[in-house]
Amino acid sequence: MEIKELFDVNKIVKAYETLGRQESYLHEILMPARQTDNFNITTIVEDEKVPVAIRPSNFDADPISRRFGETALYDGKKLYFKENYKLREEDRVRMFELLKMNDGGVGATNFANYRIAEFANWLEGVRLRAEILGVSLLTTGKVKVNQNGVLKEIDYKLDATHKKTTGGTGFGSAWTNPTAKPLSDILKIAEKGSKYVIMTEKTYKDMLATDEVKTFANKELTLYMPTEQEISDAIFRKFGINLIVYKTKGKLKETGTTEVLFPDNFVSFVAPNFGFTSYAPTVSGIDSALGLSDGSNVAVIPKTGGATVKTTFVKGEQATAISNFEILVESMVAPDEININKLYTLDVSV
């Protein structure tokens, strides 16, 4: 058995597919993943389709010109992410020792399987990164990366009038107040066409504890103690609004803490056909398509539509005679063709 066989890219991809990865993330529901050959990002800015009366004119006078709003803004390139892992000489010596153990190679196989499971979990980090980008867009109207010396920001041009706060004109008080009006607040924004309303579990529990929601539940549900899901179902039946209680957790970096990715005391409102999560070809994918992959083993990571994993032998950084076995993961991704006027946000802490 060769080390190459133990770390074949197809084994890694197969492990990823069978390890029970998260079925779907929020960004994949609201902004379905797809592969494109376009490295740019498009923001669609559509005004509300409300007719404006044609203006009067005199005979033999020049017509008055009507101006139409901008429909697309090209904000830049999709964001690039890349990491690698190297199986160094010392690791390979240990592999050799395990292979020669009097156990029929079980020790080496177990070691390899453990590593492959780690790599498969690593691939899930590509989807997690796309989720982080999606949540950033849904809560700020921007996508920002500031890590490892990389500082990039994409502004999707969310209009200030789409950013609401409790305590403002037409809205109730903060949702931590029992006399707050969360249902009324939601309906005021949802009338713009929003069908998905996203908040964390903490914010949702604050909402359920208000007098307004308790009154609604007592009226709509003839149950002594309705569950959270039953109340959400009643809101959907009554108003056609999907309440999404966001619970997905992740780490932004290896040394960080596991945390819910969506902020508390904040609600996002999204209408259908909001946009896509677009993956552009990676450098490894381009090399493979052009026949320049010099024997490297390249595969597309499942569920991403374009991110790639590659395995190859590479020269060491210092000693050119030393080769390291490298696994490289790449992704070029961003929310794309976003109809930003279909997004509203509500800060419920004020």
Side-chain angles (χ1 to χ4, degrees), residues 9 12-13 16-17 21-46 69-84 122-145 147 150-158 196 248 261 268 270-293 296-310 328-343:
V9 66
I12 297 171
V13 169
Y16 174 74
E17 291 178 312
R21 298 295 92 203
Q22 182 155 320
E23 184 174 344
S24 62
Y25 287 91
L26 179 63
H27 78 273
E28 294 170 341
I29 297 172
L30 301 181
M31 298 168 279
R34 65 175 186 178
Q35 183 175 5
T36 70
D37 291 330
N38 185 358
F39 297 94
N40 289 322
I41 300 165
T42 305
T43 301
I44 302 172
V45 182
E46 291 183 353
E70 192 167 19
T71 58
L73 303 171
Y74 290 89
D75 299 319
K77 302 289 185 181
K78 294 179 176 65
L79 299 171
Y80 184 51
F81 303 93
K82 178 170 62 176
E83 290 182 345
N84 74 344
W122 179 21
L123 302 192
E124 183 72 352
V126 175
R127 292 175 70 206
L128 180 64
R129 173 56 69 180
E131 177 75 350
I132 292 168
L133 299 179
V135 168
S136 178
L137 172 62
L138 291 172
T139 54
T140 68
K142 299 179 181 180
V143 167
K144 187 174 182 179
V145 175
Q147 194 174 346
V150 177
L151 176 58
K152 294 183 179 179
E153 182 178 283
I154 305 168
D155 189 348
Y156 288 79
K157 314 298 183 183
L158 179 63
Y196 304 98
T248 301
L261 302 177
S268 291
V270 185
N273 303 314
F274 180 55
F276 300 92
T277 301
S278 293
Y279 289 85
T282 65
V283 177
S284 297
I286 291 171
D287 286 348
S288 180
L290 295 177
L292 301 174
S293 56
S296 299
N297 200 350
V298 181
V300 174
I301 300 171
K303 297 188 179 181
T304 65
T308 54
V309 54
K310 178 175 77 170
L328 179 72
V329 173
E330 285 183 299
S331 177
M332 195 165 190
V333 60
D336 191 21
E337 290 189 29
I338 299 300
N339 191 336
I340 200 64
N341 277 359
K342 292 187 175 184
L343 172 65

Report task. Could you please spell out the steps behind the side chain to side chain contact (heavy atoms under 4.5 Å, CB included) verdict for Lys77 and Ile41? Result -> CA-CA 6 Å; Lys77 302 289 185 181; Ile41 300 165; 5.9 Å; no

Requested in this report: For residues Leu26 and Met31, determine if any side-chain heavy atom of one lies less than 4.5 Å from a side-chain heavy atom of the other.
Outcome: no

Report summary line: In terms of heavy-atom contacts, Tyr156 and Lys142 come closest through CD1-CA, 4.3 Å

Requested in this report: Could you tell me whether Lys303 and Glu28 make a salt bridge, using a distance below 4.0 angstrom between a side-chain N and a carboxylate O?
Outcome: no

Query - Flag side-chain contact, heavy atom, 4.5 Å: Lys82 against Val283 - result: no

Query raised in the report: How long is the gap from CG on Leu261 to OG on Ser136, to the nearest 0.5 Å?
Result: 11.0 Å

Report summary line: Hits for side chain to side chain donor-acceptor pair (under 3.5 Å) against Ser278, two or more places apart or cross-chain, chain-then-number order -> Arg34, Asp336

Query raised in the report: Thr304 and Gln35: side chain to side chain contact (heavy atoms under 4.5 Å, CB included), yes or no, with the steps?
Result: CA-CA 8 Å; Thr304 65; Gln35 183 175 5; over 6 Å; no

Requested in this report: Would you mind reporting whether Val9 and Lys310 have side-chain heavy atoms less than 4.5 Å apart?
Outcome: no

Report summary line: Ile340 and Phe274 have their tightest heavy-atom pair at CA-CE1, 4.4 Å

**Report entry** Shortest non-hydrogen contact from Asp155 toward Gly141
**Finding:** OD1-O, 3.9 Å

Query raised in the report: Could you give the distance from OG (Ser268) to CG (Leu137), rounded to the nearest 0.5 Å?
Result: 9.0 Å

Query - Beyond-backbone contact of Leu133 with His27, side-chain heavy atoms, under 4.5 angstrom - result: no

Query - Identified side chain to side chain contact (heavy atoms under 4.5 Å, CB included) partner of Val333 from the options Val126, Thr277, Leu79 - result: Thr277

Requested in this report: Kindly indicate whether the side chain of Leu128, heavy atoms from C-beta on, has any atom under 4.5 Å from the side chain of Tyr25.
Outcome: yes

Query - Glu330 side chain vs Ser284 backbone, donor-acceptor pair below 3.5 Å - result: yes

Query - side chain to side chain contact (heavy atoms under 4.5 Å, CB included) involving Glu83 - partner list, sequence neighbours excluded - result: Trp122

Requested in this report: Supply the atom-to-atom distance Leu343 CG to Thr139 OG1, rounded to the nearest 0.5 angstrom.
Outcome: 9.0 Å

Requested in this report: For residues Ala33 and Tyr279, report the shortest heavy-atom separation together with the two atoms involved.
Outcome: CB-CE1, 4.0 Å

Query raised in the report: If we only count heavy atoms from C-beta on, is the Leu138 to Leu30 side-chain gap below 4.5 Å?
Result: yes

Query raised in the report: How close do Ala307 and Thr282 get, heavy atom to heavy atom, and via which atoms?
Result: CA-CG2, 4.3 Å

Query raised in the report: Side chains of Asn273 and Asn339: closer than 4.5 Å at any heavy-atom pair?
Result: no

Query - Lys78 side chain to Asn38 backbone, donor-acceptor under 3.5 Å - result: yes

Report summary line: Between Pro32 and Gly275 the two heavy atoms that sit nearest each other are CD-O, 3.4 Å

